[in-house]
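Below is one structure, written out as structure tokens, with a few remarks after it.
Just so you know, these numbers come straight off a predicted model, no measurement behind them. Just so it is clear: chains get the letters A, B, ... in the order the sequence lines come, proteins before strands, and each one is counted from 1.
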There are 2 protein chains.
Amino acid sequence: MDAKPYIAQRPKRADGRRNYDAILAAARKAFETSGADTSLEDVASQAGVAIGTLYRHFPTRASLVEAATRDGLESLVAHAERLAGGPDPLDSLIEWMREAVVHFSTFRGLVGILARSMYDEGTPSHAMCAAMRRGGADLLRAAQAAGRVRPDLTPEELFDLLNGAAWVREQAASGRDGSPRFLRLVLEGITIPED
Amino acid sequence: MDAKPYIAQRPKRADGRRNYDAILAAARKAFETSGADTSLEDVASQAGVAIGTLYRHFPTRASLVEAATRDGLESLVAHAERLAGGPDPLDSLIEWMREAVVHFSTFRGLVGILARSMYDEGTPSHAMCAAMRRGGADLLRAAQAAGRVRPDLTPEELFDLLNGAAWVREQAASGRDGSPRFLRLVLEGITIPED
DNA sequence: CATCAACCTGAGGAGTCCTCAGGAAATTCC
DNA sequence: GGAATTTCCTGAGGACTCCTCAGGTTGATG
């Protein structure tokens, strides 16, 4: 039996839910300003809660990151499913890639966590990463079937490219964001001109 | 006057040099196994030296990273200069890019430090990064002049691509190294076929 | 060999991580 | 309404790391 990762759940008791939500809100803010390695004691005090309470709801930092990014990544997966039936598979893929890059770089340190979660089942974010992988792979396959993306590109490679772009964007806190250009150059490398 | 960054120097006294070297050796090993955020107290004890001695020679973590990577990056810069006169500018550029990716991902966390140093003059590694930028830009310019690389690619963008590849390689500690393929895809996006 | 600058040591304050024993509050059940 | 019970909260505290600094030691120099 592989150790199943702990996935945070919104508690049933009213006070528990209140604190859970407050911690999550404080964590999102702290992650965005200080990165994934922000002080959890700060997060707790910012949420008006003792440190033990934070650890009760989120026993590991990874579980807190997972909970803080869950909604955003869920919507990304949903968007992939919506785009899957679109008329132009290449456009769909490109649009989704752009959105993915933004979501992966919500705060400093996130891409790294997601990249590791993709291949590590013992991680809270693994399930979400697997879902994203499926969504991205479907869009990729469709674009390849339409002859608009080189057929030898694998989903793993696609995510390497996405992660690279997201990482570049993550570093952009200090000025220029090279990720749009990065993505455009990458796309030139993997797409096939019409006709 | 902008605060000049501290650059570590090999001491003149024999005992100082001995410790300096021991710390550097221990740091290189620790960085490679535990990343740039390894414990400096461990590094010190591994070098057989008190923590204060480490801080005497390397007052900041960044100065230790700079010293630990100096030789490698210096040789990378030297290689760029040697390649600059080569017969095939595109080959030269590609060879240098491959080498750069390896050097940038010597240990986990290095690319991030270098990426920030590139644009932050208050950083020990800034001078080296600037030298690398010049070397890379020269090779890029030559390849562009030969009509083998898209002329709208800037050095900044080149380094974004290199850094992305290096980051992917850095994550590869846990299995597959996607950086060679990453680089090949990127190259398809930025090169121009002969004739 | 005496002088002095360079160097070394390691205790210690401050921050952070994470746990856990004891207390408080919400929910349930009668 | 009032236990009983389960869930939840608190915050002290041990372990770790960071970095500084006062005091002691040693190598280089003339």
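- The separation between A:Arg56 atom CZ and D:dC8 atom P is 5 Å, rounded to whole Å.
- If you measure from atom CD1 of A:Ile51 to atom C1' of D:dC8, you get 16 Å, rounded to the nearest angstrom.
- Here the two rings, on B:Phe58 and B:Tyr6, have centers that are 6.0 Å apart or farther.
- The nearest heavy atom of DNA chain D to A:Asp15 and to B:Glu41 marks one nucleotide each, and the one closer to the 5' end goes with A:Asp15.
- For the pair B:Leu64 CG and D:dC18 P, the interatomic distance rounds to 11 Å; values are reported in whole Å.
- With hydrogens and angles ignored, the 3.5 Å screen pairs a side-chain donor or acceptor of B:Ser39 with a backbone N or O of B:Glu41.
- We find that CZ of B:Arg10 is positioned 16 Å from P of D:dG27, with the value rounded to whole Å.
- Atom CZ of A:Arg17 is separated from atom P of D:dT6 by 20 Å (rounded to the nearest Å).
- Extent of DNA chain C lying under 4.0 Å from chain B heavy atoms, first and last nucleotide in 5' to 3' order, is C:dA5 to C:dA11.
- Counting any heavy atom pair closer than 4.0 Å across all strands shown, A:Thr60 reaches no nucleic acid atom.
- Checked by atom type and distance alone, the side chain of A:Gln144 pairs as donor or acceptor with a backbone atom of A:Leu153 at under 3.5 Å.
- At a threshold of 4.0 angstrom between heavy atoms, the contacts of B:Ser45 with the nucleic acid are absent.
- Position along DNA chain D of the nearest nucleotide to B:Lys12 versus A:Lys12 favours A:Lys12 as the more 5'-ward residue.
- Base contact: A:Thr53 has a heavy atom under 4.0 Å from a base atom.
- In this structure, SG in A:Cys129 is found 12.0 Å from CD in A:Glu121, a value given to the nearest 0.5 Å.
- Residue contacts shown for A:Pro59 are absent, as no nucleic acid heavy atom lies under 4.0 Å away.
- Mapping A:Tyr55 and B:Leu54 onto DNA chain C via the closest heavy atom, the residue that lands nearer the 5' end is B:Leu54.
- Considering CD1 of A:Ile23 and OH of A:Tyr55, their distance stands at 11.0 Å, rounded to 0.5 Å.
- Each of A:Gly52 and A:Asp37 has a nearest nucleotide on DNA chain C; the 5'-most of these lies closest to A:Asp37.
- A donor-acceptor distance shorter than 3.5 angstrom exists from the side chain of B:Ser92 to the backbone of B:Leu83, with no hydrogens or angles considered.
- Between A:Asn19 atom CG and D:dC8 atom P there is a gap of 10 Å when expressed in whole angstrom units.
- With values rounded to the nearest 0.5 angstrom, B:Glu74 atom CD is found 4.5 Å from B:Met128 atom CE.
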